[in-house]
Engineer: 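Below is one structure. I have some questions about it.
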Amino acid sequence: MTGPVAVVTGGGSGIGRATAHALARDGYHVVVADRDGDGAKRTAEAVGGEAAVLDVTDVDAVRALAAALGPVGALVNSAGVWTYAPLESMPVADARRVLEVNVLGPWLLAQAVAEHMPAGGAIVNLSSTSFTIVPAEV
């Protein structure tokens, strides 16, 4: 490994993938973490980094990844899910999944890497308005 380590969750596609490319251009050794192992691998290969299959809601997996990496100079929490459903019919399980991935996941990652983060390290949490609840027709 060369350069400081940067972890990008949700790095297998979209904004996470673009972020991984930008960090690699800036000299970081990028660890692309995603539930989609194939996507993570494609991005990691493109940026010369490493791929990690990771569910950001799995406390043990998050802690194991952080422990295996050691000092992390940058963490970008880009993993996210969304649902689009009417308020009155949205299953509680769907709402919980969105909150676990989009809120709890970044907190778990930040907590896990913060204790090993060198001075000057950065944690960036991306968010979206995509947790859409459609009001009932009046």
Side-chain angles (χ1 to χ4, degrees):
M1 264 192 300
T2 59
V5 172
V7 177
V8 180
T9 67
S13 64
I15 294 171
R17 181 177 175 86
T19 301
H21 280 270
L23 288 167
R25 282 192 303 273
D26 286 346
Y28 283 89
H29 176 79
V30 181
V31 177
V32 180
D34 202 301
R35 284 184 61 199
D36 173 8
D38 292 335
K41 184 177 178 184
R42 282 191 300 273
T43 301
E45 288 172 351
V47 302
E50 296 176 60
V53 177
L54 180 70
D55 177 346
V56 299
T57 68
D58 181 335
V59 177
D60 293 335
V62 166
R63 289 180 180 162
L65 177 64
L69 294 175
V72 172
L75 167 64
V76 178
N77 285 306
S78 179
V81 297
W82 68 281
T83 188
Y84 185 85
L87 174 62
E88 67 276 12
S89 63
M90 179 187 289
V92 172
D94 288 358
R96 280 194 176 125
R97 181 72 183 149
V98 170
L99 292 170
E100 287 174 357
V101 172
N102 298 357
V103 178
L104 183 61
W107 180 82
L108 290 172
L109 265 295
Q111 183 185 51
V113 303
E115 94 177 77
H116 305 291
M117 186 170 273
I123 297 173
V124 177
N125 297 317
L126 303 179
S127 65
S128 171
T129 60
S130 291
F131 181 51
T132 306
I133 300 173
V134 181
E137 294 290 325
V138 179

Engineer: Taking atom CD1 of Ile15 as the centre, report whether more than 12 heavy atoms of other residues, nucleotides or ligands fall under 6.0 Å from it.
Structural biologist: no
Engineer: Are the side chains of Asn102 and Val81 in touch, meaning some heavy atoms are under 4.5 Å apart?
Structural biologist: yes
Engineer: Determine, stepwise, if the pair Val32 / Val8 fulfils side-chain contact (heavy atoms from CB on, under 4.5 Å).
Structural biologist: CA-CA 5 Å; Val32 180; Val8 180; 5.6 Å; no
Engineer: Is the backbone of Asp94 close enough, under 3.5 Å, to the side chain of Thr83 for a donor and an acceptor to pair up by distance?
Structural biologist: no
Engineer: Do Arg97 and Thr57 come close enough that some side-chain heavy atom pair is under 4.5 Å?
Structural biologist: yes
Engineer: Distance check, rounded to the nearest 0.5 Å: Leu54 atom CG versus Asp36 atom CG?
Structural biologist: 12.5 Å
Engineer: Would you give the length of the straight line joining atom CG of Asp55 to atom CG of Asp60, rounded to the nearest 0.5 angstrom?
Structural biologist: 11.5 Å
Engineer: What pair of heavy atoms forms the shortest contact from Ala110 to Ile123, and how long is it?
Structural biologist: CB-CD1, 3.9 Å
Engineer: Which distance, rounded to the nearest 0.5 Å, do you find between the OG1 of Thr19 and the CG of Asn77?
Structural biologist: 11.0 Å
Engineer: Locate the shortest heavy-atom distance separating Thr43 from Ala20; write the atom from each residue and the value.
Structural biologist: CG2-CB, 3.7 Å
Engineer: Kindly compute the distance separating CZ (Arg63) from CG (Asp58), expressed to the nearest 0.5 Å.
Structural biologist: 10.5 Å
Engineer: For the atom pair OG1 (Thr9) and CG (Leu108), what is the distance rounded to the nearest 0.5 Å?
Structural biologist: 11.0 Å
Engineer: Closest approach of His29 and Gly49, non-hydrogen atoms and distance?
Structural biologist: CE1-CA, 4.1 Å
Engineer: Please round to the nearest 0.5 Å and tell me the distance separating atom NE2 of His21 and atom CZ of Arg17.
Structural biologist: 4.0 Å
Engineer: How close do Ala52 and Val31 get, counting heavy atoms only, and between which atoms?
Structural biologist: CB-CG1, 4.3 Å
Engineer: For Val53 versus Gly37, what's the shortest heavy-atom pair and its separation?
Structural biologist: CG2-CA, 3.6 Å
Engineer: Please name the pair of heavy atoms, one in Ala6 and one in Tyr28, separated by the smallest distance, quoted to 0.1 Å.
Structural biologist: CB-CD2, 3.6 Å
